[in-house]
2 protein chains.
Amino acid sequence: MAPAVKVYGWAVSPFVARPLLCLEEAGVDYELVPMSRAAGDHRQPDFLARNPFGQVPVLEDGDLTLFESRAIARHVLRKHKPELLGCGSPEAEAMVDVWLEVEAHQYNPAVSAIVVQCIILPLLGGARDQAVVDENVAKLKKVLEVYEARLSASRYLAGDDISLADLSHFPFTRYLMETSTRRWWRSSPT
Amino acid sequence: MAPAVKVYGWAVSPFVARPLLCLEEAGVDYELVPMSRAAGDHRQPDFLARNPFGQVPVLEDGDLTLFESRAIARHVLRKHKPELLGCGSPEAEAMVDVWLEVEAHQYNPAVSAIVVQCIILPLLGGARDQAVVDENVAKLKKVLEVYEARLSASRYLAGDDISLADLSHFPFTRYLMETSTRRWWRSSPT
C-alpha cells in the first residue's frame with residue numbers, strides 16, 4: 001500500500017529538507033513525489049491547487065494538505081513525536097516556540113542570504129555580491145554570539161532536550177557549511 | 001497585587017501589539033512595563049538579560065521569560081484561549097500553523113517593507129525609496145490574491161473559526177492602512 005503521507009518537492013531544497021528531517025526523525029513512512037523545478041512543475045495548476053503560493057514543500061496526510069515548511073514540521077511532530085515540540089509542558093513548548101522563531105527571524109535571514117549569494121547565484125550563472133555576503137556574515141556573527149551564550153547555559157536551544165528548534169536549523173546550515181564562510185565559523189573560538 | 005504577567009516594550013510597536021492583542025483577547029490581567037526606545041532601554045544589560053537580541057517585546061509570566069512576538073502570542077493563547085490555536089483538533093491546529101507561517105513569510109515581509117518606507121523612515125527624517133514601495137506593493141497584491149481566494153472558500157484564514165492566524169495580521173495592517181497604499185487596497189475589487 002502506498003504511504004498515506006506524500007511530500008511534493010525536491011529534496012535538494014532546504015525548505016523541503018526541513019519536513020523530510022522530521023519525517024525521518026519520527027520514523028514515518030512517506031513518499032517523496034518527484035517534481036522538477038526546471039520544468040516549472042511548481043507553477044502548474046495541479047500544484048497551485050495544493051499551494052497557491054507555488055512553493056515547495058507541500059505535504060499531504062490523508063485529506064489534509066499543508067504548506068510552509070515549519071507548519072508541516074510541526075504537524076508531523078505533533079502527530080508522531082510530540083516530545084520534539086515540548087508537548088506536555090507549557091514551559092517547554094513555549095521555549096521551543098521562542099527558539100523556532102529565533103531560527104526563522106534571526107538566524108535564517110542571514111544564513112539564507114549568504115547561501116543565495118555563495119551557492120545559488122553562482123549555480124544560476126550569476127555573480128555573488130560580496131557586500132551582501134559581508135553584511136550578512138556580520139549579522140550572523142552577532143546571532144551566533146547569542147547562541148554561544150545560550151548553549152553554554154543549556155544543552156540544546158530550547159532547554160535540556162533536543163527539539164524542533166534545533167532540527168529546524170539543519171537544512172540551511174548544511175549549505176552554509178559548503179560556503180567559504182565555513183572557514184570563519186569553524187575557526188571561531190568555542 | 002501586581003499582575004503575574006509583564007510585557008516589556010512600547011505599545012506603538014506592531015511587534016509589541018501582537019502579544020498585547022492576544023492578552024486583551026484572552027482577558028488576561030497584565031502590566032505593560034514602560035520602556036523608551038529613544039533612551040535605548042532595549043540596549044541596557046537588564047533588558048538584554050531578558051532578550052539577548054535586544055528587541056521588544058519580552059513577556060514575563062511568573063518564572064518564564066519569553067521573546068519573539070509570535071512565540072509569546074502562542075504561549076498566551078495556549079494558556080488562556082487555546083481555541084484560537086485550534087487546540088483539540090490536529091487538523092485545525094495544522095491549518096492555524098500554515099496561515100501563521102503565511103503571515104510571517106508571505107504577508108509580513110511585503111507589508112513591513114511598505115510601512116518602513118512610508119511611515120518609519122519619514123518619521124526618522126529619511127526619505128522613502130519609491131522603488132522599494134512599488135516592488136513590495138506588487139508582492140503584496142499577489143499575496144492578497146491568494147487571501148481573496150482563500151477567504152471566498154472559508155470564513156477565516158485557518159478555516160471557519162477565527163484564530164491567531166487572523167489576529168497576527170492586525171498590528172502591521174493597522175499601519176498599512178495609514179499609508180498611501182491604502183487607496184489601492186481599499187479600491188481593489190471585493
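Not measured: the values here are computed from a predicted model. Sequence lines set the chain letters: A, B, ... in the order given, protein chains first and strands last, and positions in each chain run from 1.
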Verify same cluster id: L77(A), L21(A) (apolar side-chain graph, 4.5 Å): yes

Closest approach of H75(A) to A94(B) (non-hydrogen atoms, all atoms of both residues): ND1-CB, 3.9 Å

Aromatic plane relationship, W99(B) with F67(A) - under 30° parallel, 30 to 60° tilted, over 60° perpendicular: perpendicular

Region of Q106(B) in contact with chain A, defined by heavy-atom distances below 4.5 Å: side chain

Single-linkage hydrophobic cluster F170(B)~L32(B), side-chain heavy atoms < 4.5 angstrom: no

same_hphob_cluster(L121(A), Y175(A)) at 4.5 Å side-chain heavy-atom cutoff: yes

D46(B), CG: over 12 other non-hydrogen atoms inside 6.0 angstrom: yes

CD on E101(A) to CZ on F53(B), rounded to 0.5 Å: 12.0 Å

Heavy-atom check, side chain of R70(A) versus side chain of D97(B), under 4.5 Å: no

T65(B) portion near chain A, given a 4.5 angstrom heavy-atom threshold: backbone

In one Ile/Leu/Val/Met/Phe/Trp/Tyr side-chain cluster, 4.5 Å: L167(A), M95(A): no

Neighbour count >12 (heavy atoms, 6.0 Å) for atom NZ, K6(A): no

Greatest number of heavy atom pairs closer than 4.5 Å to chain A - which of E91(B), K79(B), K142(B), E93(B): E93(B)

Among G62(B), P52(B), A149(B), S69(B), residue most engaged with chain A (heavy-atom pairs, under 4.5 Å): P52(B)

Region of Q55(B) that comes under 4.5 Å of a non-hydrogen atom in chain A: side chain

Shared hydrophobic cluster, L100(B) / L23(B) (ILVMFWY, side-chain heavy atoms < 4.5 Å): no

Which portion of V98(B) sits near chain A, non-hydrogen atoms under 4.5 angstrom: both

Residue V102(B) versus chain A: region with a heavy atom under 4.5 Å: both

H105(A) side, atom NE2; N108(B) side, atom CG - distance, nearest 0.5 Å: 7.5 Å

